2 protein chains.
Amino acid sequence: MQNSTPHSTPIRPVESLQVACASCNLRELCLPLGLSTNDLDRLDTLVNRRRTVPKGEQLFRSGDNFAALYAVRTGFFKTSVTSEDGRDQVTGFQMAGELLGLDGISTDRHHCDATALEDSSVCVINYADLESLSQHFTALQHSFHKIMSREIVRDQGVMLLLGSMRAEERLAAFLLNLTERLEARGFSGTAVVLRMTREEIGSYLGLKLETVSRTFSKFQDEGLLEVKQRQIRVLRADALQQMVANATR
Amino acid sequence: MQNSTPHSTPIRPVESLQVACASCNLRELCLPLGLSTNDLDRLDTLVNRRRTVPKGEQLFRSGDNFAALYAVRTGFFKTSVTSEDGRDQVTGFQMAGELLGLDGISTDRHHCDATALEDSSVCVINYADLESLSQHFTALQHSFHKIMSREIVRDQGVMLLLGSMRAEERLAAFLLNLTERLEARGFSGTAVVLRMTREEIGSYLGLKLETVSRTFSKFQDEGLLEVKQRQIRVLRADALQQMVANATR
DNA sequence: CGAAACTTTGACAAACGTCAACACAGGTGG
DNA sequence: CCACCTGTGTTGACGTTTGTCAAAGTTTCG
């Protein structure tokens with residue numbers, strides 16, 4: 001579905017506004033970042049399809065043919081890789097404005113699963129179209145390269161976390177990253193509702209779910225958080241910061 | 001330095017042969033992968049500079065301005081990230097044909113250090129030139145995207161290792177990955193000389209150097225390896241394989 | 001309302017890190 | 001050429017962190 005509101009109606013309903021990249025309120029967080037208004041119109045020719053993914057369903061799976069990238073519009077996803085022998089690792093959580101599917105470019109097949117953790121919707125970005133549009137459209141190409149590179153930098157940060165932090169530090173870093181991203185989207189960074197289970201957090205952080213649960217309880221006992229199952233209130237972000245920033249190892 | 005051997009001398013010395021991508025023996029492992037001979041000549045206009053990096057020196061550091069990518073010609077590198085508080089994590093080891101510097105695209109500054117673990121040389125690929133050449137050169141653009149995506153997939157594999165494997169499994173996976181890449185370059189996959197210290201291996205694998213050393217000794221006791229400091233002989237790759245493939249967690 | 005999925009907590013075990021001592025190799029300067 | 005120094009690697013004893021197993025409480029959803 002494309003934004004085809006006629007020029008005669010300058011004031012468009014919110015629903016319609018959200019359809020075009022140029023007027024999407026995620027444009028500062030998504031692929032359009034850094035593009036001019038003019039450029040955005042051309043980007044819209046690319047992003048011409050939407051897809052909804054119900055909670056628990058997968059947007060794509062490891063082994064699926066790769067044909068498109070997906071920008072999260074609403075909802076929340078996790079990506080996870082599974083080795084042949086069944087080892088499972090959550091590699092990231094994605095929220096509005098973040099891109100899914102970059103792993104698929106390498107071999108034209110996806111290398112991870114993307115699962116919706118709540119009812120979600122995505123913009124479908126046909127990859128062949130993106131490549132050909134990039135050919136004539138320097139700013140888009142550059143923007144896309146930056147996004148891929150940013151993902152590589154993010155992954156290096158996760159390696160640092162997994163390789164050098166202890167349980168408390170990992171959870172603190174996770175919470176701070178989450179609240180930061182939520183705040184960038186206009187949500188509260190103190191009253192947070194987790195979309196994932198303790199097991200999924202644990203998988204992402206290289207910990208067992210019991211360790212995650214215990215660490216939440218410990219943070220609560222210390223007055224850093226208020227924890228009611230998935231409802232988290234961050235009381236002392238500064239203390240979490242210091243935990244991450246003070247290497248004891 | 002560009003390859004300007006005249007047409008009148010079809011048989012060129014090996015030294016000169018190596019200068020052009022088209023005749024580089026790394027072309028199957030490097031950026032040129034998948035490009036036609038014709039395309040390769042155009043790629044050569046891009047790769048017009050070499051740089052040597054003595055053992056222990058850095059090719060680039062975190063915070064350096066980003067202007068170019070580097071393809072390893074000879075030698076061996078490590079990349080590592082350091083957090084503000086001094087935590088250090090080796091994020092990869094790079095050998096001939098592998099690309100360094102992709103992290104820099106995101107913010108025009110490097111986010112990791114690249115250190116030569118032995119006297120090394122690299123091809124300098126000016127990034128601005130790469131972007132503009134990609135504009136007119138579909139195959140190159142596609143090839144470059146695949147390389148970035150492959151890096152993302154590789155990173156996911158490291159996360160799986162760090163998040164879900166125990167010490168023995170990590171070291172086994174590390175050794176198998178190393179021997180596989182050495183074999184792809186025509187080196188022995190059984191008689192290996194490690195270019196990095198136990199501490200660097202440990203950092204990469206999220207283990208302390210003592211644990212790495214102990215695990216090497218254990219593998220030797222079990223007859224899987226012969227370990228003489230950095231000289232490793234792989235005696236039972238199959239047993240290492242099975243160790244990685246059999247999740248006990 | 002009841003089953004299933006998720007979370008919390010405790011007791012105990014295993015894996016890995018810490019600290020320390022010593023061995024070994026390579027390079028430098030006397 | 002040897003002595004020495006420094007960086008690196010090995011090994012042991014012990015401590016800490018995290019995982020494992022189990023039970024019970026809580027929420028969600030059909």
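Numbers restart at 1 for each chain; the letters A, B, ... are given by sequence-line order, proteins then strands. Since we're looking at a predicted model, the values are computed, not measured.
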Would you say the side chains of Gln89(B) and Ser80(B) form a donor-acceptor pair under 3.5 Å? no
Please tell me if Thr211(A) has a side-chain N or O lying less than 4.0 Å from either OP1 or OP2 of dT18(D). no
Nucleotide nearest Glu210(A) when distance is taken to its side chain, options dG9(D), dT9(C), dA20(C): dT9(C)
Could you tell me how far apart Leu194(A) (CG) and dT7(C) (P) are, to the nearest whole angstrom? 9 Å
From the list dC16(C), dG9(D), dT20(D), which nucleotide is the closest neighbour of the side chain of Thr197(B)? dG9(D)
Between Glu199(B) (CD) and dT6(D) (P), how many Å, whole number? 18 Å
Ile201(A) atom CD1 is separated from dT8(C) atom C1', nearest whole Å, by 14 Å
Nucleotide dG9(D), atom P - distance to CZ of Phe219(B) in whole Å: 17 Å
Closest of dT8(C), dC29(D), dG19(D) to the Lys55(A) side chain is dC29(D)
Check whether the side chains of Asp113(A) and Ser62(A) place a donor and an acceptor atom closer than 3.5 Å, and report yes or no. no
Starting at atom CG of Leu209(A), determine the distance to atom C1' of dT18(D), rounded to an integer number of angstrom. 13 Å
Residues Thr115(A) and Glu57(A): side-chain donor-acceptor under 3.5 angstrom: no
Which word best sums up how the rings of Phe66(A) and His110(A) line up, parallel for under 30°, tilted for 30 to 60°, or perpendicular for over 60°? perpendicular
Donor-acceptor pair under 3.5 Å, Arg166(A) side chain vs dG17(C) base: no
Regarding Gly206(B), tell me which of base, sugar-phosphate or nothing describes its non-hydrogen contacts under 4.0 Å with the strands shown. sugar-phosphate
Please determine, for the side chain of Arg214(A), which listed nucleotide (dT20(D), dT7(C), dT10(D)) has the closest atom? dT20(D)
Of the nucleotides dT8(C), dG9(D), dT18(C), which one has an atom closest to the side chain of Ser213(A)? dT8(C)
Quickly work out the Arg170(B) CZ to dC16(C) P distance and round it to whole Å. 7 Å
Compare the minimum distances between each of dT8(D), dT18(C), dT18(D) and the side chain of Leu207(A), then state the nucleotide with the smallest one. dT18(D)
Gln229(A) atom CD is separated from dT9(C) atom C1', nearest whole Å, by 13 Å
Polar contact flag, side-chain donor to acceptor under 3.5 angstrom, Thr74(A)-Ser121(A): yes
Could you state the NZ-P distance from Lys218(A) to dT17(D), rounded to the nearest angstrom? 8 Å
